[in-house]
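All values below were derived from every heavy atom in this structure, side-chain atoms included, with hydrogens, water molecules and symmetry-related copies excluded. Along the sequence shown, residues are numbered consecutively beginning with 1. Everything numeric here is computed off the predicted structure, so don't read it as measured data.
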Amino acid sequence: MVKDDPTAFRLDCGATWLNLLATRGRAFGARPVERIPDVRRFAEWLDACELAPARPVDAGDLERARRLRETLRPIALATVDGAPPPDDEVRALAGFLAAPEPVELAVDGRLVRAAPADGDAALARIARQAVDQLTGPERAFLKVCPEDDCRGVFADPADRRRWCPSPACASRGRVRALRARRSAEGG
């Protein structure tokens, strides 16, 4: 059996902005997993998300990406909980939306959008996607993983998932539930 690589990119959360949140795994645990620890990995993540900018990213772009991620996290959690998001985080998110970027489309075997000019433009696209989902009817599809160390936010339009897409969270949750059932039966 191949063990799940904790540093592998999570690209299955339902949207690019949710996948950005997943670049820090077990965010609420004692040992969080940083999946974009350096500029090279951040560039690989952008490429995997089809957001590789025309100008290569640098350390400043990585820092801003992490800031966007940690700005979106409390806003997403508040949205799922039906609570108002923190004002400071909303203001910070607005800052990522400030730079306008024209939408340039092309056909290259399929409809494609021109690459973002730079890291800021790539982050602005992610921020806009997050705002669209957080403020529209699709916010009802957002869920939070019940694992205390994870609390990853993911989209579940079919309303069929209990845990985030990480196999580790589902496995731990199922094992805990089985132990609780066995304890209740024997005790």
Side-chain angles (χ1 to χ4, degrees), residues 7-25 27 32-80 83-144 151-157 164-165:
T7 63
F9 295 139
R10 303 292 322 173
L11 301 172
D12 53 2
C13 296
T16 301
W17 76 275
L18 295 169
N19 296 337
L20 176 64
L21 294 182
T23 61
R24 183 167 172 91
V33 177
E34 181 58 68
R35 294 184 176 111
I36 52 171
D38 53 39
V39 173
R40 180 189 61 80
R41 283 288 285 172
F42 177 49
E44 289 173 4
W45 182 83
L46 285 171
D47 189 49
C49 294
E50 298 183 11
L51 284 172
R55 190 188 85 216
V57 293
D58 59 24
D61 294 320
L62 173 60
E63 180 183 326
R64 284 186 297 281
R66 289 177 178 163
R67 193 172 339 132
L68 175 59
R69 175 184 71 194
E70 299 312 321
T71 294
L72 287 170
R73 191 179 313 282
I75 294 171
L77 291 170
T79 299
V80 173
D87 289 337
D88 290 348
E89 305 301 348
V90 172
R91 282 192 292 279
L93 179 56
F96 284 96
L97 301 169
E101 182 194 27
V103 176
E104 297 177 28
L105 300 175
V107 176
D108 184 15
R110 66 177 180 88
L111 183 64
V112 294
R113 186 170 177 181
D118 55 24
D120 284 338
L123 295 175
R125 286 187 191 181
I126 295 169
R128 281 187 198 99
Q129 182 191 57
V131 168
D132 286 345
Q133 189 163 13
L134 289 165
T135 62
E138 291 181 347
R139 72 184 173 279
F141 301 143
L142 297 176
K143 286 187 176 176
V144 175
R151 302 219 0 103
V153 181
F154 59 99
D156 182 23
C164 72

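L46 and V57 get closest at one heavy-atom pair: CD1-CG1, 3.6 Å. Across A52 and P116, no two heavy atoms sit closer than the pair O-CD, 3.8 Å. Between L11 and C49, the shortest heavy-atom contact is CD2-SG, 3.8 Å. The heavy-atom pair separating A117 from A121 by the smallest distance is N-CB, 3.9 Å. The shortest heavy-atom contact between P56 and D61 is O-OD2, 4.3 Å. What you find for G14 and N19 is that their closest heavy atoms are N-OD1, 4.2 Å.
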(message) side chain to side chain contact (heavy atoms under 4.5 Å, CB included) for V131 and Q133? Distances and angles first, verdict last.
(response) CA-CA 5 Å; V131 168; Q133 189 163 13; over 6 Å; no

(request) Let me see the working for E50 and R125 under salt bridge (charged side-chain N to carboxylate O under 4.0 Å, His left out), right down to the final yes or no. (result) CA-CA 11 Å; E50 298 183 11; R125 286 187 191 181; over 6 Å; no

(message) Using side chain to side chain contact (heavy atoms under 4.5 Å, CB included), reason through I126 and F96 one step at a time and then give a plain yes or no.
(response) CA-CA 9 Å; I126 295 169; F96 284 96; over 6 Å; no

Show me the donor-acceptor pairs within less than 3.5 Å that the side chains of residues 37-44 make with the rest of the protein, sequence neighbours left out.
| from | atom 1 | to | atom 2 | distance (Å) |
| --- | --- | --- | --- | --- |
| D38 | OD1 | R40 | N | 3.3 |
| D38 | OD1 | R41 | N | 2.8 |
| R40 | NH1 | E44 | OE1 | 3.4 |
| R40 | NH1 | E44 | OE2 | 2.4 |
| R41 | NE | R35 | O | 3.4 |
| R41 | NH1 | E44 | OE1 | 3.3 |
| R41 | NH2 | T7 | O | 2.7 |

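Remark: side-chain polar atoms of R24 are not paired, donor with acceptor, to backbone N or O of P32 under 3.5 angstrom. E89 contributes no side-chain N or O that, together with a main-chain N or O of I75, makes up a donor-acceptor pair within less than 3.5 Å. In this structure, R73 contributes its side chain and L21 its backbone to a donor-acceptor pair below 3.5 Å.
One distance of note links CZ of R128 with CG of L93; it measures 11.0 Å at 0.5 Å rounding. Considering CD of E101 and CG of D118, their distance stands at 8.5 Å, rounded to 0.5 Å. The CZ atom of R64 lies 11.0 Å from the CG atom of L68; values are rounded to the nearest 0.5 Å.
Pairs of residues two or more places apart, or lying in two chains, never qualify as salt bridge (charged side-chain N to carboxylate O under 4.0 Å, His left out) while including a residue from residues 14-23.
The closest side-chain heavy-atom distance from W45 to T16 is below 4.5 Å.
Among R66, R69, R10, the single residue meeting the side chain to side chain donor-acceptor pair (under 3.5 Å) criterion with T23 is R69.
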